[in-house]
**Q** 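Take a look at the following structure, please.
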Amino acid sequence: MIQTRSFLLVCLGNICRSPLAEAALRAAAARAGVDIEVDSAGTGAWHVGDPPDRRAQAVALAHGIDISRYRGRQVAAADFWRFTDILALDRDNLAELRRRAPADATARIGLLLDVLPGREGAAVADPYYGDAAGFDVTWADVSAAAEAIVAGLVPDRRSRGGGNP
Ligand code: 4NP
């Protein structure tokens, strides 16, 4: 199947929120049989090459997903053409993405939680300086957003399917 949409999830460090968003979106797409490309990155460079925070790995594993092989990377200029959608986990990172976006970038840049009715404009809170319970909140937020993204893609797929009229 031709991939028509590709998503880059972006937080600050790429070790807590955006790897969980990547995992949740990959899982939701697989469950729905939707073929999309998914990746994550950080606006900051502190954790380039690092695996996700062990608390993020633990919450993903509790939901059946092994993210231990993910590695942190920083947003790159090429991402603004490579992905159809670049979604920030909070407004600071959204502002940073808009600041860095080349003038002729093709990616749509937005806020992840804008896909959830009633949560528009909201941030996925940064759990890095908190305790493990914060990562459960992160997982709940990114999973809900992932389901909403995939739900929005399924009609696209059907309309091109050439099946029932
Ligand atoms: P993330 O969390 O942006 O959700 O990956 C953070 C991870 C590391 C740092 C900040 C936020 N840091 O300052 O190192």
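Just follow the structure's listing: the first ligand is 1, and inside any ligand the first atom is 1. The shown structure was predicted, so the numbers you read here are calculated from the model rather than taken from an experiment. Hydrogens, waters and symmetry mates are skipped; everything else that's a heavy atom, side chains included, is used.
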**Q** Taking CZ in Arg108 as the centre, count heavy atoms belonging to other residues, nucleotides or ligands within less than 6.0 Å. Is the count above 12?
**A** yes

**Q** CG/Asn14 to CZ/Arg73 distance, rounded to the nearest 0.5 angstrom?
**A** 7.5 Å

**Q** Looking at Arg5 and Asp85, does any basic side-chain N land under 4.0 Å from a carboxylate oxygen?
**A** yes

**Q** Got a donor-acceptor contact below 3.5 angstrom from the Asp53 side chain to the Cys16 backbone?
**A** no

**Q** Does Asp141 form a side-chain contact (heavy atoms from CB on, under 4.5 Å) with Arg119? I'd like the steps, not just the answer.
**A** CA-CA 10 Å; Asp141 281 349; Arg119 302 287 304 276; 3.1 Å; yes

**Q** When you compare the side chains of Glu22 and Ser40, does any donor N or O come within less than 3.5 Å of an acceptor on the partner?
**A** yes

**Q** Identify all N/O pairs between ligand 1 and the protein with a separation under 3.5 Å and present them as a table of atom names and distances.
**A**
unit_1: ligand 1; atom_1: 2 (O); unit_2: Asp126; atom_2: OD1; d: 3.2
unit_1: ligand 1; atom_1: 3 (O); unit_2: Leu12; atom_2: N; d: 2.9
unit_1: ligand 1; atom_1: 3 (O); unit_2: Gly13; atom_2: N; d: 2.8
unit_1: ligand 1; atom_1: 3 (O); unit_2: Arg17; atom_2: NH2; d: 2.9
unit_1: ligand 1; atom_1: 4 (O); unit_2: Arg17; atom_2: N; d: 2.9
unit_1: ligand 1; atom_1: 4 (O); unit_2: Arg17; atom_2: NE; d: 2.7
unit_1: ligand 1; atom_1: 5 (O); unit_2: Gly13; atom_2: N; d: 3.4
unit_1: ligand 1; atom_1: 5 (O); unit_2: Asn14; atom_2: N; d: 3.2
unit_1: ligand 1; atom_1: 5 (O); unit_2: Ile15; atom_2: N; d: 3.1
unit_1: ligand 1; atom_1: 5 (O); unit_2: Cys16; atom_2: N; d: 2.9
unit_1: ligand 1; atom_1: 14 (O); unit_2: His47; atom_2: NE2; d: 2.8

